[in-house]
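Working notes for the structure below.
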There are 2 protein chains.
Amino acid sequence: MIKIGELSKVTGCSVQTIRHYEKEQLIASAERSEGNFRLYDEAAVEQLLFIKHCRSLDLSLPEIRQLLALNRSPGAQCDDVNRMMDRHIEQVEARIQELTKLNEQLRKLRRSCSNRRTVKQCGILRNLSATPVSSG
Amino acid sequence: MIKIGELSKVTGCSVQTIRHYEKEQLIASAERSEGNFRLYDEAAVEQLLFIKHCRSLDLSLPEIRQLLALNRSPGAQCDDVNRMMDRHIEQVEARIQELTKLNEQLRKLRRSCSNRRTVKQCGILRNLSATPVSSG
DNA sequence: ATTGACTCTATAGTTATTATAGAGTTTATA
DNA sequence: TATAAACTCTATAATAACTATAGAGTCAAT
């Protein structure tokens, strides 16, 4: 059994984050030592790595909670998992589109001013003052 | 002179957001009517639209504050504006890269499970449990 | 016995809003 | 003129997923 600092090192999650996950019920309340320190086993390490992997894919904590619940009932159909992934992929792609559009606008704006002009002549500020381009 | 609700309609910013911008010093404290209602003129409308345009470009409130300050000293060099834009563009492009990578991983993961399998056989959950792919 | 490293809980801060409660003001209607 | 509806005011809490802090307790080594 390891303490929370060790778990933090092994998994790369900060100590506060681990405590946060416990409070948010993503991991079970840990056993405690006599001195009230949290104690973890290998299963805890793996569950935390699972969560970390999900987070690296930008899944939200509620989404992860849902996956963990499904994981616990291995007989269930996994349609729900698929639906969640599909929705998540859609969101990510929508965000990429938004940012790509945004990037074009920013570059265009940036081209409107070369260095060493005064603010008065600055195309960026002038253009920002004009009516916004329609965009989310 | 118009009241905050009218300003909200004209600019498309919510009433609370306008009050928030005042608290955050993005717009000056509004004049008040006898009954203590905020009163705005045309200049306020334009400044709010400026802010809204900046927000649509994902500039942060502190960044916008900086732009507004520069706007007020029209003799200053606008190098600072350019630096800010360059940094911002970099950030947006980095985020696009991240998301693109993420999207590839999600699609790959999604392909590992077709519908109507049980959770036990679900490739998504299996793969999520494996050691994470290195990624921010 | 004491130092240092670790852990505990509880609370506040981060960002840019949105939402709420409870009170006061103004406008329109009966 | 009374009253209701619509609006505004301030202050506070919630959102997401942490991060940081304070103040106290625990444990291992000296």
Side-chain angles (χ1 to χ4, degrees), chain A residues 1-27 29-40 44 48 50-68 84 87-88 91-92 95 98 102 135-136, chain B residues 1-27 29-40 44 48 50-68 87-88 91-92 95 98-99 102 135-136:
Chain A
M1 303 292 268
I2 58 176
K3 281 183 287 180
I4 198 167
E6 180 77 16
L7 182 62
S8 170
K9 255 181 227 150
V10 172
T11 61
C13 299
S14 79
V15 167
Q16 303 103 296
T17 296
I18 296 170
R19 288 199 277 245
H20 180 65
Y21 287 167
E22 180 180 314
K23 195 190 293 179
E24 294 292 319
Q25 315 245 42
L26 286 171
I27 54 182
S29 294
E31 281 180 63
R32 297 300 181 106
S33 71
E34 292 208 353
N36 199 31
F37 286 8
R38 289 175 178 81
L39 296 177
Y40 299 96
L48 201 45
F50 176 93
I51 294 171
K52 203 189 169 196
H53 191 184
C54 291
R55 288 294 299 135
S56 81
L57 296 173
D58 255 9
L59 292 164
S60 68
L61 299 197
E63 282 172 332
I64 297 170
R65 210 181 347 247
Q66 199 180 330
L67 287 179
L68 289 166
M84 178 191 298
R87 200 179 44 230
H88 191 66
Q91 278 172 16
V92 169
R95 185 64 183 148
E98 265 177 43
L102 177 56
S135 81
Chain B
M1 302 293 267
I2 58 176
K3 283 182 287 182
I4 199 166
E6 181 78 15
L7 182 63
S8 170
K9 256 180 226 149
V10 171
T11 60
C13 298
S14 79
V15 166
Q16 303 102 297
T17 297
I18 296 170
R19 288 199 278 245
H20 180 66
Y21 286 168
E22 180 180 314
K23 195 189 293 180
E24 293 292 319
Q25 314 245 41
L26 287 172
I27 54 181
S29 295
E31 281 180 64
R32 297 300 181 106
S33 72
E34 292 205 354
N36 198 33
F37 286 7
R38 289 175 178 80
L39 296 176
Y40 298 97
L48 201 44
F50 176 93
I51 294 171
K52 202 189 169 197
H53 192 183
C54 291
R55 287 295 298 134
S56 81
L57 297 172
D58 255 9
L59 292 164
S60 69
L61 298 196
E63 282 173 333
I64 297 171
R65 211 184 345 252
Q66 200 180 331
L67 287 178
L68 289 167
R87 200 180 43 233
H88 191 67
Q91 278 170 18
V92 170
R95 186 64 184 148
E98 265 177 43
L99 287 178
L102 178 56
S135 82

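Only heavy atoms go into these numbers, but all of them, side chains included; no hydrogens, no water, no symmetry mates. Each chain gets a letter, A, B and so on, in the order its sequence line appears, and its residues count up from 1.
Both A:G35 and B:P62 lie near DNA chain C, and the one whose nearest nucleotide falls closer to the 5' end is A:G35. Between B:S33 and A:G5, the one whose closest nucleotide on DNA chain C sits nearer the 5' end is A:G5.
Boundaries of the chain B contact region on DNA chain D are D:dT8 to D:dT12, first to last in 5' to 3' order (nucleotide atom under 4.0 Å from a heavy atom).
Between B:I51 and B:T11, every side-chain heavy-atom pair lies at or beyond the 4.5 Å cut-off. With contacts defined as side-chain heavy-atom distances shorter than 4.5 Å, the pair A:R38/A:E31 does not qualify. A:L61 is listed as a side-chain neighbour of A:H20, based on a closest heavy-atom distance under 4.5 Å. A:C54 is not listed as a side-chain neighbour of A:E63, based on a closest heavy-atom distance of 4.5 Å or more. With a 4.5 Å cut-off on side-chain heavy atoms, A:R32 and A:L39 do not count as touching.
Distance check, rounded to the nearest 0.5 Å: CZ of B:F50 to CG of B:L26 gives 10.5 Å.
For B:S14, the listed nucleotide lying nearest its side chain is C:dT18; candidates were C:dT26, C:dC6, C:dT18.
A pairwise comparison of heavy atoms in A:I4 and A:R19 identifies CD1-CG, 3.5 Å as the closest pair.
As a whole-Å value, the separation of B:L59 CG from C:dA16 P is 10 Å. Rounded to an integer number of Å, the gap from A:K3 NZ to C:dA5 C1' is 9 Å. Rounded to whole Å, the distance from CZ on B:R32 to P on C:dG24 is 16 Å. Distance CD (B:E34) to P (C:dT26): 7 Å, rounded to an integer number of Å. Rounded to an integer number of Å, the gap from B:E6 CD to C:dT26 P is 17 Å. Remark: C1' of C:dT25 and CD1 of B:I4 are 15 Å apart, rounded to the nearest angstrom. For the pair A:L7 CG and C:dC6 P, the interatomic distance rounds to 15 Å; values are reported in whole Å. Atoms CG (B:L61) and C1' (C:dT14) sit 13 Å apart, rounded to a whole Å.
A close approach under 4.0 Å does not occur between any side-chain nitrogen or oxygen of B:T17 and OP1 or OP2 of C:dT17.
Proximity of a side-chain donor or acceptor of B:R65 to a complementary backbone N or O of B:E24 within less than 3.5 Å is detected.
Within residues 19-26 of chain B, the residues that place at least one heavy atom under 4.0 Å from DNA chain C are, in residue-number order, B:H20, B:Y21.
Around atom CD of A:Q91, more than 12 heavy atoms belonging to other residues, nucleotides or ligands sit under 6.0 Å away.
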